[in-house]
Amino acid sequence: MAREQLQVLNALDLAKTQWYHFTAIVIAGMGFFTDAYDLFCIPIVTKLLGRIYYHVPGDPKPGTLPPNISAAVNGVALCGTLAGQLFFGWLGDKMGRKRVYGMTLMLMVISSVASGLSFSNSANGVIATLCFFRFWLGFGIGGDYPLSATIMSEYANKKTRGAFIAAVFAMQGFGILTAGVVGIIVSAGFKHKFPAPSYAQDPAGSTVSQADYIWRIILMFGAVPAVLTYYWRMKMPETARYTALVARNAKLAASDMSKVLQVEIVAEQEKLEEQTGQSSSFGLFTKAFMRRHGLHLLGTTTTWFFFDIAFYSSNLFQKDIFSAVGWLPKASSMNTIEEAYRIARAQTLIALCGTVPGYWFTVAFIDVIGRFAIQVMGFVFMTGFLLALAIPYHHWTEKSNRIGFVVLYGFTFFFSNFGPNATTFVVPAEIFPARMRSTCHGISAAAGKAGAIIGAFGFLYAAQSQDKAKVDKGYSPGIGVRNSIFFLAACSFLGLLFTFLVPESNGKSLEEMSGENEEDESARSGTEAAIRAV
């Protein structure tokens with residue numbers, strides 16, 4: 001039997017869209033801005049590191065990071081993110097969202113700046129310090145996943161909650177664009193100030209010593225937006241749902257939300273204490289949780305896991321895209337700064353055309369057609385387009401057909417973002433009880449990041465050609481790109497199947513979805529027995 005909801009929670013659910021909603025989106029979204037900025041600036045950084053620190057005299061090709069070094073530089077941040085999602089997700093339920101929120105942001109700021117400083121001039125020293133600080137950068141970014149999603153879901157009204165949470169996630173789009181724009185501006189400035197011959201003309205002279213500053217500036221700039229929002233993040237009050245439902249302080253919850261919503265709200269401490277006696281307090285590792293939310297958690301973890309395998313593997317095909325449209329000439333025909341400039345420009349165009357629009361399509365339609373429909377649609381189209389790339393793969397490798405490959409690739413990316421990339425982030429913040437909402441979101445996100453690690457690095461090796469003569473330097477023969485795409489299509493299809501374990505939360509309050517508005521059966525039967533005895 002459903003209980004009457006506390007007035008403070010009802011006020012949040014029914015609140016009209018106000019200015020504080022938009023400020024919360026920006027404040028909560030800065031972690032995702034930094035996350036996307038780091039993800040999309042690192043290809044420029046690794047390219048520069050390879051040419052600066054791993055140049056081999058006499059080699060006809062410019063220096064590149066060895067496979068193990070490249071995997072370490074990229075993978076250590078993902079590993080840190082996975083650990084941060086689990087740790088800060090748990091801590092957010094134990095200490096409160098706000099108390100932990102500042103920790104993650106400062107960790108990102110300090111680690112971003114320290115990554116750019118990387119205290120050494122030798123290859124080993126630079127890589128070691130860079131990996132160390134990138135792990136802690138990832139750790140901070142990981143904490144922002146469950147905390148930002150939970151905070152936004154608990155602040156939002158139920159009518160537009162999906163759009164607000166998706167908008168926080170869509171801040172990644174601005175991070176992606178900013179990474180490209182900063183890369184373009186910094187490399188263009190250095191290219192103009194320090195002209196150099198191409199690698200083919202002068203291998204040693206093609207890399208000027210000042211190029212070492214470029215990747216450092218690019219990495220450190222990621223801290224700027226986070227610093228600008230730190231004050232406002234600290235000024236945000238604790239969410240009313242945590243204060244009331246977890247900390248059991250209805251008076252403080254009503255006081256905080258009265259200031260935010262600018263309306264008078266009755267504290268209702270007695271009603272909260274009465275409901276507390278009727279509520280179940282089952283934990284995460286209990287039969288009660290498994291009975292109520294076990295399949296939901298299985299659904300959110302598996303869909304995010306399979307999606308991220310396919311999504312992060314898409315980076316494998318960017319070099320084919322860039323070559324197909326003529327954005328990247330041979331590395332030996334450019335100097336170091338010119339190559340960094342061209343990579344930044346190409347990534348910016350890809351993001352502008354395919355990535356960013358998908359995010360905002362989700363924001364526009366998630367509360368109209370629902371989370372379930374968008375996720376199913378996204379997985380269906382991803383599976384279809386990946387199969388369309390894989391089945392006639394040899395057809396697409398012919399020069400005259402490569403533009404078709406570009407179009408299909410772009411649609412795959414679009415429906416990733418107008419699909420499960422956003423919904424796998426939104427749903428875990430809506431369907432679990434307040435006392436374990438952050439923890440369950442962190443577990444779901446960590447499962448996704450495990451898929452990302454497999455996608456980004458497992459397939460880096462798996463997609464190598466089966467022909468030893470065509471394998472990239474430092475790698476062993478793999479299963480080939482075509483077979484890899486088939487596997488990604490299978491992952492997308494599995495994500496589609498597990499989507500059916502996830503409930504639709506559109507238009508419902510968080511308490512309806514989590515069952516917190518329902519009286520515990522044992523408590524209710526005990527109350528009824530007491531009444532009969534009287």
Side-chain angles (χ1 to χ4, degrees), residues 32 36 39 145 149 161-173 176 296 298-317 350-390 406-431 441 444-445 447-449 451-452 454-456 485-506:
F32 296 97
L39 176 66
Y145 272 76
R161 185 180 61 239
F164 289 150
I165 304 173
V168 169
F169 194 65
M171 291 295 287
Q172 284 191 335
I176 292 167
H296 298 164
L298 177 63
T300 57
T301 52
T302 51
T303 51
W304 209 335
F305 174 78
F306 287 119
F307 168 73
D308 270 10
I309 291 178
F311 183 71
Y312 279 79
S313 297
S314 64
N315 289 327
L316 290 173
F317 314 124
I350 285 281
L352 203 56
C353 296
T355 306
V356 176
Y359 281 117
W360 293 101
F361 264 74
T362 301
V363 173
F365 291 105
I366 192 168
D367 289 313
V368 178
I369 62 177
R371 292 80 162 135
F372 180 81
I374 289 178
Q375 186 157 312
V376 167
M377 176 193 67
F379 273 128
V380 167
F381 279 110
M382 283 177 64
T383 304
F385 285 125
L386 286 168
L387 289 175
L389 288 171
V406 174
V407 172
L408 289 178
Y409 175 85
F411 275 121
T412 304
F413 228 90
F414 174 81
F415 283 105
S416 296
N417 293 300
F418 183 32
N421 193 27
T423 54
T424 52
F425 174 79
V426 171
V427 174
E430 299 181 306
I431 63 175
H441 194 285
S444 302
K449 205 54 65 178
I454 294 171
I485 300 176
F486 273 123
F487 190 87
L488 299 185
C491 288
S492 296
F493 182 70
L494 287 170
L496 170 64
L497 295 181
F498 280 101
T499 296
F500 290 90
L501 296 177
V502 182
E504 176 59 77
S505 53
N506 191 22

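By convention here, the first residue in the shown sequence is residue 1.
Scored by the ring-ring contact (aromatic ring centres under 6.0 Å, His included) test, F498 finds F306 as partners (sequence neighbours excluded). Checked against ring-ring contact (aromatic ring centres under 6.0 Å, His included), F486 has no partners two or more places apart in sequence or in another chain. Annotation: salt bridge (Lys or Arg N to Asp or Glu O under 4.0 Å) contacts of R161 (sequence neighbours excluded): E430. In this structure, S492 has no side-chain hydrogen bond (donor to acceptor under 3.5 Å, both in side chains) partners at least two apart in sequence or on a different chain. Contacts of L352 classified as side chain to side chain contact (heavy atoms under 4.5 Å, CB included), with partners at least two apart in sequence or in another chain: L177. The side-chain hydrogen bond (donor to acceptor under 3.5 Å, both in side chains) test applied to T424 returns no partner, not counting sequence neighbours. By the side chain to side chain contact (heavy atoms under 4.5 Å, CB included) test, V380 pairs with V376, L496, sequence neighbours left out. For F415, the ring-ring contact (aromatic ring centres under 6.0 Å, His included) criterion is met by F381, not counting sequence neighbours. Not counting sequence neighbours, the partners of N506 by the side chain to side chain contact (heavy atoms under 4.5 Å, CB included) test are D367, R371, E504.
At most 12 heavy atoms of other shown residues, nucleotides or ligands fall within 6.0 angstrom of atom CZ in F493.
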Checking side chain to side chain contact (heavy atoms under 4.5 Å, CB included) for the pair F307/N421: CA distance, chi angles, key distance, verdict?
CA-CA 7 Å; F307 168 73; N421 193 27; 3.3 Å; yes

Q) After noting the C-alpha distance and the side-chain angles of W304 and K449, does the key distance pass the side chain to side chain contact (heavy atoms under 4.5 Å, CB included) rule? A) CA-CA 8 Å; W304 209 335; K449 205 54 65 178; over 6 Å; no

* Could you check M382 against F311 for side chain to side chain contact (heavy atoms under 4.5 Å, CB included), going step by step and ending with a plain yes or no? => CA-CA 10 Å; M382 283 177 64; F311 183 71; 5.6 Å; no

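Between F385 and Y409, the ring centre distance reaches or exceeds 6.0 Å.
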Show me, pair by pair, the donor-acceptor contacts under 3.5 angstrom made by side chains of residues 357-364, not counting sequence neighbours?
from : atom 1 : to   : atom 2 : distance (Å)
Y359 : OH     : Q172 : OE1    : 2.7
T362 : OG1    : G358 : O      : 3.2
T362 : OG1    : N417 : O      : 2.8

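The salt bridge (Lys or Arg N to Asp or Glu O under 4.0 Å) pairs that include a residue from residues 298-308 number zero, where partners must be two or more places apart or lie in different chains. For residues 374-384, the side-chain hydrogen bond (donor to acceptor under 3.5 Å, both in side chains) pairs, not counting sequence neighbours, are Q375-T423, Q375-T499.
Rounding to the nearest 0.5 Å gives a distance of 5.5 Å between OH of Y145 and CZ of F169. Taking OG1 from T303 and CZ from F500, the interatomic distance works out to 12.0 Å, rounded to the nearest 0.5 Å.
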